[in-house]
Protein chains: 2
Amino acid sequence: MDRPELPLAQLHAFVVLAEELHFGHAAARLGIAQPPLSQQIRRLEDKVGHALFTREPGRVALTGAGRELLPAARRAFTDLADGLAAARAVGSGRTGRLRIGFAASLALTVLPGLLRGFRERFPGVRLDIREMTTAPQIAALRDKAIDVGLLREPPADDADGAGLAFRTVLTEPFVAVLPSAHPLAALRTVRLVRLADEPFVLLPRDAGPRLHDQIIGLCEAAGFTPRVTQRAVEWQTACALVETGLGVCLAPASIRRIRLKGVAFRAIEPNARTRVAVGWRADDPSPLVAHLLETVGRDPDSAR
Amino acid sequence: MDRPELPLAQLHAFVVLAEELHFGHAAARLGIAQPPLSQQIRRLEDKVGHALFTREPGRVALTGAGRELLPAARRAFTDLADGLAAARAVGSGRTGRLRIGFAASLALTVLPGLLRGFRERFPGVRLDIREMTTAPQIAALRDKAIDVGLLREPPADDADGAGLAFRTVLTEPFVAVLPSAHPLAALRTVRLVRLADEPFVLLPRDAGPRLHDQIIGLCEAAGFTPRVTQRAVEWQTACALVETGLGVCLAPASIRRIRLKGVAFRAIEPNARTRVAVGWRADDPSPLVAHLLETVGRDPDSAR
DNA sequence: GCGGTCCATACGCACAGAGATATCAGGCCA
DNA sequence: TGGCCTGATATCTCTGTGCGTATGGACCGC
């Protein structure tokens with residue numbers, strides 16, 4: 001890529017003159033006087049090394065060299081104008097691509113409203129959403145495989161979260177998930193200690209250590225260590241296991257939305273809540289991330 | 001076509017930096033110090049309105065906006081470089097198109113050598129050659145339908161030739177064209193007056209008035225007015241008519257080259273010569289015309 | 001903690017070039 | 001022949017900006 005030889009201003013004058021074929025009119029279109037235009041063209045011709053126009057009195061015409069240069073100059077201008085427009089669109093966040101990781105359990109709660117709100121404001125942005133549990137989202141954020149994550153129980157900033165930022169989107173209570181036929185399902189509220197002897201279904205600790213440990217902690221605070229007999233990667237799966245009688249589980253309240261027959265969701269006592277947060281790279285310059293964070297804060301759906 | 005917003009120098013710096021992703025190296029490649037490069041990029045970013053690079057300590061990377069602008073800038077540069085090269089090629093006459101009109105009778109004499117010589121020197125130039133008689137060539141030159149004409153007996157500059165220039169390429173004697181069986185064909189030289197009673201074959205006056213009038217003038221100088229019984233547009237045709245016994249004719253000596261059986265070519269007395277000239281628009285800026293004129297002057301074949 | 005790397009900033013200089021005004025020269029038409 | 005249109009030329013001004021040196025601040029590796 002050599003250093004550019006032809007100033008764009010002169011090429012602009014050239015293109016306009018090639019269209020007008022009249023120095024006075026071209027100068028008017030350029031918003032300058034006629035002598036400067038003559039100079040521009042002259043300088044350009046000096047640099048090219050050949051005349052670009054023939055100036056017979058009365059009519060200005062392109063030379064062969066000018067005819068070669070004209071389309072190239074036009075292409076260069078449209079290239080630059082298009083590129084500039086595209087760069088500004090991306091820079092301002094009106095267009096581009098945003099990769100969002102989300103916990104599967106949010107697909108029925110915050111996610112739809114958030115996506116709807118964002119798409120209304122930025123219809124030109126392509127959203128790549130992919131379902132992932134908490135720990136993979138952290139890794140994907142750091143690897144720049146996703147730009148934003150919607151996850152449960154974010155890590156502390158000074159631990160795994162270095163370089164990442166998180167903001168709580170909402171908190172929700174835990175509920176007990178029981179088979180419908182289970183005796184405790186007859187109660188409106190289940191005291192946690194009553195689950196001490198039940199087999200537990202839990203998510204693998206790898207998927208989201210803090211949420212996992214929080215659940216264990218709740219049980220221990222209630223005076224027992226849960227006996228985990230099954231693991232399931234998804235809450236839906238966990239509920240299905242509960243329904244088949246393989247155990248009970250504690251889950252975020254939004255899990256009610258899946259309306260699985262054969263399982264009952266009951267408030268627990270003592271009360272406990274889990275946080276849903278949005279996470280991103282703290283130094284990400286993308287305006288799309290900023291826009292999404294605004295949308296999270298603004299969207300009334302996400303506040304429920 | 002709007003006024004260009006982005007100086008090419010800054011775009012150049014941008015492209016190089018995007019390739020190096022290192023201010024120091026990019027500045028070295030540009031042959032400048034590092035601070036000026038930082039300024040260039042900064043100014044460009046100001047004009048675009050968004051950051052084009054992220055400068056995390058240790059690594060420089062393109063932003064989304066930068067990624068949009070980069071290919072456009074590259075395209076613009078290659079467009080301009082190609083266009084400039086093409087314009088210079090055409091401007092210097094290394095390439096382009098040259099339209100040449102020529103009299104059919106020259107196809108066997110000056111034309112082949114001329115074209116060969118020109119093509120050797122300018123292999124990139126496309127030659128459009130078209131056979132035309134003298135008068136149409138004059139009109140075609142003026143209408144810019146051809147750029148150069150090879151013709152016989154050019155008009156005077158102050159008459160039809162206004163704005164056109166001519167240069168004599170060669171002169172050649174007239175010869176008498178006779179049927180082989182004609183009694184005069186037995187002589188080596190034919191005195192013109194001996195043709196006084198013969199029917200004449202001539203080209204139409206419209207095709208080349210000066211040549212036509214010159215032939216008539218020769219006869220009248222010899223003391224008779226030729227009785228024209230046939231017209232033929234081409235010398236070849238005229239010779240064929242002579243062969244069938246429809247008359248005799250006077251033709252430029254190069255007509256011997258057609259080696260038609262049944263006709264004899266004989267020198268005439270008094271001697272008389274006809275001129276072959278090259279013609280062009282006096283104000284034609286095309287370097288190809290100049291090159292062709294040089295070739296006409298230089299080519300040894302054309303001097304024969 | 002210390003030097004080294006890397007980029008940004010500050011300041012100054014110099015020059016190209018873009019602009020204006022005024023004027024000139026060549027054709028064209030009345 | 002004189003007015004008019006068109007484009008070129010001359011001269012001046014001034015701004016943008018390209019480049020340099022000097023310096024500062026952040027981060028990294030030893």
Side-chain angles (χ1 to χ4, degrees), chain A residues 1-48 50-63 66 73 162-163 281-283 285, chain B residues 1-48 50-63 66 73 162-163 281-283 285:
Chain A
M1 192 76 58
D2 289 344
R3 88 176 322 113
E5 298 185 59
L6 310 180
L8 280 188
Q10 291 172 15
L11 284 169
H12 186 215
F14 165 68
V15 171
V16 172
L17 179 57
E19 286 168 5
E20 297 288 336
L21 292 180
H22 185 291
F23 278 74
H25 300 169
R29 236 182 79 184
L30 289 166
I32 63 176
Q34 169 262 318
L37 175 59
S38 288
Q39 287 184 15
Q40 299 271 50
I41 299 300
R42 182 156 172 36
R43 270 195 283 268
L44 186 62
E45 287 177 329
D46 285 348
K47 283 177 180 141
V48 172
H50 305 280
L52 298 172
F53 294 95
T54 59
R55 290 91 151 163
E56 298 165 37
R59 62 177 147 278
V60 174
L62 279 170
T63 63
R281 286 181 294 280
D283 62 350
Chain B
M1 192 77 59
D2 289 344
R3 91 175 321 112
E5 298 185 59
L6 310 180
L8 278 188
Q10 291 172 14
L11 285 169
H12 185 214
F14 165 68
V15 171
V16 172
L17 180 58
E19 285 168 5
E20 298 288 336
L21 292 179
H22 186 290
F23 279 74
H25 300 168
R29 238 182 77 185
L30 290 166
I32 63 176
Q34 169 261 317
L37 175 59
S38 289
Q39 287 184 13
Q40 299 271 49
I41 300 300
R42 181 154 171 40
R43 271 195 283 268
L44 185 62
E45 287 177 329
D46 285 348
K47 282 179 179 141
V48 172
H50 305 281
L52 298 172
F53 294 95
T54 60
R55 290 92 150 162
E56 299 165 37
R59 61 176 150 279
V60 174
L62 279 170
T63 64
R281 285 182 293 281
D283 61 351

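Letters go in sequence order (proteins before strands), and every chain restarts at 1.
Atom-to-atom, CD of A/E20 to P of D/dT6 comes out at 12 Å; the value is rounded to the nearest Å. Atom CD of B/Q40 is separated from atom P of D/dG18 by 4 Å (rounded to the nearest Å). A/F23 places its CZ atom 10 Å from the P atom of D/dT9, with the value rounded to the nearest Å. Here the C1' atom of nucleotide D/dT6 and the CZ atom of A/F53 are 15 Å apart, to the nearest Å. Whole-Å rounding puts the A/Q10 CD to C/dA16 P distance at 13 Å. Between A/L37 atom CG and D/dT6 atom C1' the separation is 12 Å, expressed in whole Å. B/L17 has its CG atom 11 Å from the C1' atom of C/dC7, to the nearest Å. Going from atom NE2 of B/H22 over to atom P of C/dC7 covers 5 Å, rounded to whole Å.
At the phosphate of C/dA8, OP1 or OP2 sits under 4.0 Å from a side-chain N or O atom of B/S38. Distances shorter than 4.0 Å separate some side-chain N or O of A/R43 from OP1 or OP2 on C/dA18. The side chain of B/R42 contributes an N or O atom lying less than 4.0 Å from OP1 or OP2 of C/dT9. Residue B/K47 places none of its side-chain N or O atoms closer than 4.0 Å to OP1 or OP2 of D/dG16.
Take the nearest nucleotide of DNA chain C for A/G31 and for B/L21: the residue whose nucleotide is more 5' is B/L21.
Between A/F53 and A/L62 the shortest side-chain heavy-atom distance falls below 4.5 Å. Contact of the A/I41 side chain with the A/R55 side chain is registered, since non-hydrogen atoms from C-beta on lie closer than 4.5 Å.
When each of D/dC19, D/dT21, C/dT21 is scored by its nearest atom to the side-chain atoms of B/P35, the top-ranked nucleotide is D/dT21. For B/R55, counting side-chain heavy atoms from C-beta on, the closest listed nucleotide (C/dT9, D/dG7, C/dC7) is C/dC7. Checking D/dG20, C/dT9, D/dT17 against the side-chain heavy atoms of B/P7 singles out D/dT17 as nearest.
Note that CG of A/L17 and NE2 of A/H22 are 10.0 Å apart. Values are rounded to the nearest 0.5 Å. The distance from atom CG of A/L37 to atom CD of A/E20, rounded to the nearest 0.5 Å, is 10.5 Å. Interatomic distance, A/L11 CG to B/L8 CG, rounded to the nearest 0.5 Å: 7.5 Å.
In terms of polar N and O atoms assigned as donor or acceptor, the side chain of B/Q34 comes within less than 3.5 Å of the base of C/dA8 in a complementary pairing.
Among the heavy atoms of the strands lying under 4.0 Å from B/Q39 is at least one base atom, whether or not backbone atoms are also near.
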